[in-house]
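Single-structure report; data block below.
Being a predicted model, the structure only gives us computed values, none of them experimental. Numbers for residues simply follow the sequence, beginning at 1.
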Amino acid sequence: MYASNHVCRFLSAIGFCLTATLAQAAGLLGIDIPADAEGPSIHGVIWYPCAEPPQEFRVDIFILPAVPGCPPAGDHLPLIAFSHGQGAGLLINHDTAETLADNGFIVAAINHPGDTAQDLSHTDDLSGFVERPTDIKRLIYFMIGASPFAARIDQDSIGFFGYSRGAYAGLVLIGANPDWAGAASNYCQQSKLLLCQQILAGKYPSQPLTHDPRIKAAVIVDPWVRFFSAESLAPINAPVQLWASELGGSGVLLRDIAALDANLPAKHEYHVVPNADHEAFCAPFQAGLKICEDPPGFDRVAFHKEFNAAVLAFFKEHVTKATKP
């Protein structure tokens, strides 16, 4: 039973309240991944194809076109795992998730433990970079194993979407290995970040981080890439759609992403968004809210229509030939 109170309990747990009206919608369901030997419990949410009349949920500063607990529509559905940016949360790219769900995809997003707006305990620590790829691998295992959607997922059609630090995690998941020693000899020589102090002290993993070969393709959005060299990117062979903001921000620089573009060995697209800063990829907020204001002349709503359409087309081409049920 896909009861709406499952979602209400989930959203309430992260400090949101809900109201409802009509809108275009996808199904919505909260999930909890149990703690295990690889990490703590993880809260998440799933968007999925839904055939019921839509509702619109106001969730704090977000408006979610969704039907909580809607019976899912379709079988053999592709799965896309979402990873948010530093100190953010699972709703930050909700409009992209809704677009995918409305076109036949199941989308699963999580709050990375220790690196959300509610819990910043790992945000400045190297552990956050080490744990993120494992969090996503655990999410995928849960979705195709214990989740209520397991029987509906095409296990040969799995993709990944990551923004900012989540995009870093995506590069690791599809094969990249952070060059910790290289970071110690260059970037961290000029940085006072705690994670750099840990790297300079040699407190970084000696073994490669978590990779997941089940991921067929990845959308990598304005990634934090200071820990990657050409050699560390060499194992990547999955198709990539790479996005960069022209103006950057939050430690993300266009020149770093341009270097990533030059060093990616796999087939990939590269899109630079003119006059956009790092926050341009976050879902548009309610009209009138003075949050994450864009540079003069940048229309986030118009951009997201193009962005979401491009992400959908990429996943349809490289993950599956999914069509709206």
Nearest 0.5 Å, please: how far is [atom2] in [Y] from [atom1] in [X]?
X      : Y      : atom1 : atom2 : answer
Asn237 : Ile174 : CG    : CD1   : 8.5 Å
Ile33  : Asp135 : CD1   : CG    : 8.5 Å
Ile220 : Ser164 : CD1   : OG    : 11.5 Å
Cys188 : Trp180 : SG    : CH2   : 9.0 Å
Lys267 : Ile236 : NZ    : CD1   : 16.0 Å
Phe129 : Asp115 : CZ    : CG    : 8.0 Å

Would you mind reporting whether [Y] and [X] have side-chain heavy atoms less than 4.5 Å apart?
X      : Y      : answer
Pro72  : Ile106 : no
Ile153 : Met143 : yes
Tyr168 : Pro223 : no
Val219 : Phe160 : no
Phe227 : Asn177 : no
Leu260 : Leu171 : yes
Leu194 : Asp125 : yes
Leu64  : Leu91  : yes

Q. So, Asp222 versus Ser245: side-chain donor-acceptor pair below 3.5 Å or not?
A. yes
Next item on the list: Over 60° means perpendicular and under 30° means parallel, so classify the ring planes of His112 and His84, tilted if in between.
Entry: perpendicular
### Message
Is the ring pair Trp243/Phe281 parallel, tilted or perpendicular, if the boundaries are 30 and 60 degrees?
### Response
perpendicular
At their closest point, which heavy atom of [X] faces which heavy atom of [Y], and how far apart are they?
X      : Y      : result
Pro113 : Ser41  : CG-O, 3.9 Å
Phe314 : Val240 : CZ-C, 3.6 Å
Ala109 : Phe82  : CB-CB, 3.7 Å
Ala217 : Phe315 : O-CE2, 4.0 Å
Tyr48  : Gly69  : OH-C, 3.5 Å
Gln197 : Ser191 : NE2-O, 3.2 Å

* To do: Inspect the surroundings of CD in Glu231 and state if more than 12 heavy atoms from other residues, nucleotides or ligands are less than 6.0 Å away.
  => no
Practice problem: Count the heavy atoms of every other residue, nucleotide or ligand shown that sit under 6.0 Å from NE2 of His271, and state whether that count exceeds 12. | Solution: yes
Exercise. Given the rule in the side chain to side chain contact (heavy atoms under 4.5 Å, CB included) test, do Phe142 and Ile42 qualify, once you have shown the distances and angles that lead to the verdict?
Worked result: CA-CA 11 Å; Phe142 175 83; Ile42 300 175; over 6 Å; no
The single option from Ile80, Val221, Asn308, Leu312 that satisfies side chain to side chain contact (heavy atoms under 4.5 Å, CB included) with Thr96 is Asn308
*asked:* I'd like to know if Phe161 and Tyr141 are part of one continuous hydrophobic network [Ile/Leu/Val/Met/Phe/Trp/Tyr, side-chain heavy atoms within less than 4.5 Å].
replied: no
* Spell out, yes or no, whether Leu247 and Tyr270 are grouped together once hydrophobic residues are joined by side-chain heavy atoms under 4.5 Å, including indirect joins. => no
Could you check whether any side-chain N or O of [X] sits under 3.5 Å from a backbone N or O of [Y], counting only pairs where one atom can act as donor and the other as acceptor?
X      : Y      : result
Asp277 : Asp294 : no
Asp299 : Ala302 : yes
Thr99  : Asp95  : yes
Gln198 : Leu126 : yes
Asp36  : Gly39  : yes
Asp261 : Ile257 : no
Glu246 : Asn275 : yes
His211 : Val172 : yes
His268 : Ala266 : yes
Ser147 : Phe149 : yes

Item to complete: Assess whether side chain to side chain contact (heavy atoms under 4.5 Å, CB included) is satisfied between Glu38 and Arg138, documenting all intermediate values.
Response: CA-CA 8 Å; Glu38 293 191 291; Arg138 291 176 62 205; 3.9 Å; yes
From the list Asn186, Asp256, Asp179, side-chain hydrogen bond (donor to acceptor under 3.5 Å, both in side chains) with Arg226 holds only for Asp256
So the disulfide bond (SG atoms under 2.5 Å apart) pairs with at least one residue in residues 78-149 (sequence neighbours excluded) are none
Quiz item: Quick one: do Asp212 and Lys137 make a salt bridge, cutoff under 4.0 Å?
Solution: no
Arg214 and Asp156 ion-paired at < 4.0 Å
no
### Query
Under the side-chain hydrogen bond (donor to acceptor under 3.5 Å, both in side chains) criterion, do Thr116 and Asn111 qualify, and how do the steps go?
CA-CA 6 Å; Thr116 68; Asn111 279 334; 5.6 Å; no
Exercise. Start with the C-alpha gap between Gln86 and Thr123, add the side-chain angles, then the distance that decides, and say whether side-chain hydrogen bond (donor to acceptor under 3.5 Å, both in side chains) holds.
Key: CA-CA 7 Å; Gln86 178 184 9; Thr123 193; 3.0 Å; yes
inquiry  = Quick one, Arg132 with Arg165, criterion side chain to side chain contact (heavy atoms under 4.5 Å, CB included). Give me CA distance, side-chain angles, the key distance, then yes/no.
reply    = CA-CA 9 Å; Arg132 271 180 173 262; Arg165 193 173 286 190; 3.5 Å; yes
Margin query: Less than 6.0 angstrom separating the ring centers of Trp224 and Tyr187, yes or no?
Written below: yes
For this output row, return yes or no: ring centroids of Tyr163 and His278 closer than 6.0 angstrom.
yes
Before giving the answer on side chain to side chain contact (heavy atoms under 4.5 Å, CB included), spell out for Cys282 and Arg300 the whole-Å C-alpha distance, their side-chain angles and the decisive distance to 0.1 Å. CA-CA 9 Å; Cys282 300; Arg300 191 187 300 209; 3.5 Å; yes
